[in-house]
Amino acid sequence: MNPFIEIAGRKIGNDYPPLVIAEIGINHEGSLQIAKEMVDAAARAGAEVVKHQTHIVEDEMSAAAKKVIPGNASVSIYEIMERCALNEADELELKRYVESKGMIFISTPFSRAAANRLEKFDVAGYKIGSGECNNYPLLEHIASFGKPVILSTGMNTLESIQKALAIFDAQKVPVAILHTTNLYPTPIHLVRLGAMQQMHNSFPNRVFGLSDHTLNNNACLAAVALGASILERHFTDHMERTGPDIVCSMDEQACKELIISSKEIWHMRGGIKAPAKEEQVTIDFAFATVCTIAPIKKGAIFTKENIWVKRPGTGEILAERFNEILGKKAANDLNENVQLQNSDIA
């Protein structure tokens, strides 16, 4: 059995279609109404999971954050999160709204208070952002809940990922790991799918995938071809929205295409290099078999002048045996242009 995790009844792993996570995150800019409009668009696109970000700013950041400006913004990270955070009542309403649409609600807690809020909501699982991958005190707190976890690993090393996994293993918490590059947007040369494969090779018993911040679906689709079971992209109902993550978000149409295409690529994976039984109908006309190209008398020697290989592939002697027939004698009189049978060889 290939490894898998399960969140709210959805099994995730190599044996199941890739899970596409539509991350609304903070794209709603603090508006519950806009968040609901994005949920509607995700539902229309066919998304199974909507991911939020749970920010309780005073528990998440110190005053020093007021002086730190992210690379994709013009104001401090403290100000951004203060502006974009939903209060507890609004976030609970958002969770209920997601679930009313038949989708799974998960969120990334960025603090202990945020994790406690989500646990009070009885979320089915947790998404942990790359910045928290090595926040071991927070990971220990989340692990104590016993819920399944999807762990992003951007900006981390194999060693720090191993420490994080050990925390969840100690509590027997199922964990999937996502390769990530934390640049918004991510230049294509920094996607580094080789790093995703290296991570998978280092932790082969883990479900793995990609949390992507490029400008289209290509990285996610390539990741599926390489075995990814989870795909996460930021999501918006339309690209005219404002917000720091809109630029690297997918809209409704891109999300729909990602869901359809990733499932198709998943179906393409695997297999061995041998004829598929379904190819027999093609083999019958496409392969060649040994045929006579001149009348042959009983006792005559088979040569290139009286036998050759021709379609269809319905005869007894395939073209691959041609050379072994040369030099042998005919056991019967044979007409021209007939398929040679084993009984015709002395």
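All of these numbers come straight from a predicted model, not from anything done at the bench. The basis for the numbers below is simple: all heavy atoms, side chains too, and nothing from hydrogens, waters or symmetry mates.
Checked for salt-bridge contact, Arg112 and Asp59 miss the test: no charged N lies under 4.0 Å from a carboxylate O. Ion pairing between a basic and an acidic side chain is recognised when a charged N comes within 4.0 Å of a carboxylate O; Arg233 and Glu23 show no such pairing. Between Glu232 and Lys127 there is a salt bridge, since at least one side-chain N of the basic residue sits less than 4.0 Å from a carboxylate O of the acidic one. With respect to the salt-bridge test (charged N to carboxylate O, under 4.0 angstrom), the residues Asp251 and Lys256 do not qualify. Between Arg241 and Asp237, at least one side-chain N (NZ, or NE/NH1/NH2) sits under 4.0 Å from a carboxylate O, which counts as a salt bridge. Look at Asp169 and Arg206 and you find a salt bridge, because one of the NZ, NE, NH1 or NH2 atoms lies within 4.0 Å of a carboxylate O, short of that distance. Taking 4.0 Å as the cut-off between side-chain N and carboxylate O, Glu79 and Lys66 do not count as a salt-bridged pair. Using a cut-off of 4.0 Å between Lys/Arg side-chain N and Asp/Glu carboxylate O, Glu99 and Arg96 are scored as not salt-bridged.
Taking 4.5 Å as the limit, every side-chain heavy atom of Leu210 sits out of range of all side-chain heavy atoms of Ile230.
Under a 3.5 Å cut-off, the side chain of Asn332 and the backbone N or O of Leu334 do not form any donor-acceptor pair. Side chain of Ser152 to backbone of Gly154: no donor-acceptor contact under 3.5 angstrom is found.
Judged by the 6.0 Å and 45° rule, Lys36 forms a cation-pi pair with Tyr97.
Residues satisfying the ring pair (Phe, Tyr, Trp, His ring centres under 6.0 Å) test with Phe168, not counting sequence neighbours, are none. Residues passing the salt bridge (charged side-chain N to carboxylate O under 4.0 Å, His left out) test with Arg192, sequence neighbours excluded: none. Applying the side-chain contact (heavy atoms from CB on, under 4.5 Å) criterion to Gln33, with sequence neighbours excluded, gives Ser31, Glu37. In this structure, Lys11 has no side chain to side chain donor-acceptor pair (under 3.5 Å) partners at least two apart in sequence or on a different chain.
Note: Trp266 and Tyr16 fail the aromatic proximity criterion, with ring centroids not under 6.0 Å apart. Ring centroid separation for the pair His200 and His179 does not come in under the 6.0 Å cut-off.
The closest side-chain donor-acceptor pair between Lys51 and Thr108 falls under 3.5 angstrom. Looking at Asp15 and Asn2, their side chains do bring a donor and an acceptor atom within 3.5 Å of each other.
Annotation: the span from Leu92 atom CG to Asp122 atom CG amounts to 11.0 Å, rounded to 0.5 Å. Rounding to the nearest 0.5 Å gives a distance of 8.5 Å between OG1 of Thr180 and CG of Leu151.
In this structure, Ile246 belongs to a hydrophobic cluster whose other members, linked by side-chain heavy atoms under 4.5 Å apart, are Met239.
The salt bridge (Lys or Arg N to Asp or Glu O under 4.0 Å) contacts involving residues 326-346 comprise nothing, where partners must be two or more places apart or lie in separate chains.
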